[in-house]
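What you are looking at is a predicted structure, and each value in this text was computed from that prediction instead of being measured. In what follows, chains are A, B, ... by sequence order, proteins preceding strands, each numbered from 1.
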Protein chains: 2
Amino acid sequence: MTVLSLPPLDLDTGPTGDDDSPLRSVSTAVAVLDCFADEAELGATRVATRLGIAKSTACRMLAALATGGLLERTGSGRYRLGLRLFEYGQLAVDRLMLRDVALPAMGELRELLRETIQLGVVVGTDVLYVERAEAASMNVRFRSEHRRNPAHSSSAGRVLAAADPALVTAILERGLQRYTPFTVVDPLRYRQILASTREQGYATSREEFEPGWSSIAAPITLTRGGRPHPVAALSVVAPTSRILGPRKPAVVQGVRRAAARVSADLERARS
Amino acid sequence: MTVLSLPPLDLDTGPTGDDDSPLRSVSTAVAVLDCFADEAELGATRVATRLGIAKSTACRMLAALATGGLLERTGSGRYRLGLRLFEYGQLAVDRLMLRDVALPAMGELRELLRETIQLGVVVGTDVLYVERAEAASMNVRFRSEHRRNPAHSSSAGRVLAAADPALVTAILERGLQRYTPFTVVDPLRYRQILASTREQGYATSREEFEPGWSSIAAPITLTRGGRPHPVAALSVVAPTSRILGPRKPAVVQGVRRAAARVSADLERARS
DNA sequence: CAGTTGCGTTCCGCACATCGGAACGCGGCC
DNA sequence: GGCCGCGTTCCGATGTGCGGAACGCAACTG
């Protein structure tokens, strides 16, 4: 039942203790939280073996996180992620002043194209989608396995990497993992794609992450230091023929205009 | 250990305060996170003064939480909530197996009544709304100030407290704070309301939290130990005359049916 | 332009919080 | 009933995080 297609949240050098930070107990507490990214419910023994710590330590960590509200106890003495994390997460996104600004444009773009619109930001070397306007109806919330994907294989990741050399090196250092036969895994070709992305002002991904599905993305920018800097991406995702066929020019124009509008609104909201 | 001769600084009895658990550094780390519930960006000095800890401690806490991804550094050396919290929060809600199950019914109820529908769960003595279907359009996401409200003054909180004596005592112990002239603050009257809620199978709140706005809620139940037990509430919130006037019977019937349907779907999803 | 103030960060020694192992209580399961 | 697995608790030694002061830097300010 675990999701195999995505890389783990963070690349661990192994369970045998990488201690590059002070506050060891806080670090292990975060590591305990990370354990819950894979499994819904965990007990002390399981956590202890996964992290290579003593069972008593794991038990204390779980108890401390539970009293803090970051974890909750289930009936059987195990633990799961707590709803306080939901509140914090909503606050984190709210404070980007991005989702609220982008939602109207996303809704209109969805109506215009009748396709699914995603709002993505970079976290690490992945793209995290903080909002999605579904094509069919609003009543399908995207599931966790589609809430994040590697930056190198998505159009949103490309418009964001196109203007961020540090991100590009991080992505290349991590390696261009192949997900479909179409995934671009050659660094040189990847850089060429980024160059054309810079030039054209939008990016595409043709079935490079999930067979049959492609996407087109445009950057949402914010003027920092006099120069526009991408902070997020608006992307249209659909079966390949619906957006990379004859409709492609219309889709490109639509998503670019919507992203430009969001950028302007965002600029205005920062005051 | 803190100096005992000093009188305890009158910290607000809100999210901060109790540090009696083991793993003190983890507790303070959670307290540091709590600081960000109020303010979007904080620095080490501010955090230190708010928690009454040394500036160096606060700095280390912030750094540790940032390397864990729970916080992010802003340009000016301050910190804000990190997007990893968004991921964790989404996972926490996903694993309730509640939002996905409830969304179709919420959408239909919204279309039926043309009003805003909320899906709320209990956290502490508050009701936290994990999803909302807006009446006007989907493009208005509810803001943080309306994502949570005290259980005693909301209809959702009443249907959830009606079957949970422990929650009732917790609510009463906290005190029935007054928000509007209509807020029920008399414990006896509150218990009467809960009794009639139990009897009728739904609850109302007439402008008890925000002037002009009322709500009607019905419980979403899950059979535990042979008996249905409320785990969430579906509520309709609107200006008072639109739901507590002549339309009230229709609204009550609609929300009760929708909640019953979600309960059945939820029961089915647990397999 | 230097003085000042505030910030975040770093350093260091002492004290105490935290870790691991072993023991305990409890529930299912042969 | 005996056995196993689980989560929890207890305890002593130790290493880790605490507080205070010092540092570098940036933004104001006279």
- Item | Test item: A:R80 side-chain N/O and A:A40 main-chain N/O as donor-acceptor pair under 3.5 Å | no
- Are any of A:S56's side-chain N or O atoms less than 4.0 Å away from OP1 or OP2 of C:dG20? no
- Query: Closest nucleotide of DNA chain C for A:T57 versus for B:L62: which of these residues is on the 5' side?
  - Reply: B:L62
- Message: If the cut-off is 4.0 Å, is A:R78 near the phosphate of D:dT8, judged by side-chain N/O to OP1 or OP2?
- Response: no
- Write down the distance between CG (A:L65) and C1' (D:dG7), rounded to a whole number of angstrom. 16 Å
- Find the distance between CD1 (A:I220) and CG (A:L266) and round it off to the nearest 0.5 Å. 7.5 Å
- Query: Given D:dG19, C:dC19, D:dG17, which nucleotide is nearest the side-chain atoms of B:S25?
  - Reply: D:dG17
- Message: What contact category does A:R46 fall into here, base, sugar-phosphate, or nothing, at under 4.0 angstrom with non-hydrogen atoms?
- Response: nothing
- Task: Say whether, by atom type as modelled, one donor and one acceptor occur between the side chain of B:E131 and the main chain of B:L103 under 3.5 angstrom.
- Result: no
- Query: Under the salt bridge (Lys or Arg N to Asp or Glu O under 4.0 Å) test, which residues partner B:E39, sequence neighbours left out?
  - Reply: B:R46, B:R50
- Note on the structure: B/S/- along nucleotides 23-30 of chain C (protein heavy atoms under 4.0 Å) is --------
- Nearest 0.5 Å, what's the CG-CG distance between A:L160 and A:L194? 10.5 Å
- Minimum-distance nucleotide (side-chain atoms of B:C59 versus D:dG17, C:dG8, C:dG20): C:dG8
- What's the closest nucleotide to the B:R60 side chain, out of D:dC6, C:dC19, D:dG19? D:dG19
- Message: Nearest heavy atom decides the nucleotide; on that basis, is A:V26 or A:L42 closer to the 5' end of DNA chain D?
- Response: A:L42
- Query: For A:T125, which residues count as a side-chain hydrogen bond (donor to acceptor under 3.5 Å, both in side chains) partner, sequence neighbours excluded?
  - Reply: A:R174
- Task: Rounded off to whole Å, could you give me the CD1-to-P distance for the A:I53 and D:dG7 pair?
- Result: 13 Å
- Between OG1 of A:T67 and CG of A:L62, what distance do you get to the nearest 0.5 Å? 11.0 Å
- Task: Return no unless some side-chain N or O of B:T45 is found under 4.0 Å from OP1 or OP2 of C:dG6.
- Result: no
- Message: Rounded to whole Å, please give me the gap between CZ in A:R24 and P in C:dC19.
- Response: 8 Å
- Query: Are any of B:Y79's side-chain N or O atoms less than 4.0 Å away from OP1 or OP2 of C:dT9?
  - Reply: yes
- Task: Round to the nearest Å and state the distance from A:L23 atom CG to C:dT18 atom C1'.
- Result: 12 Å
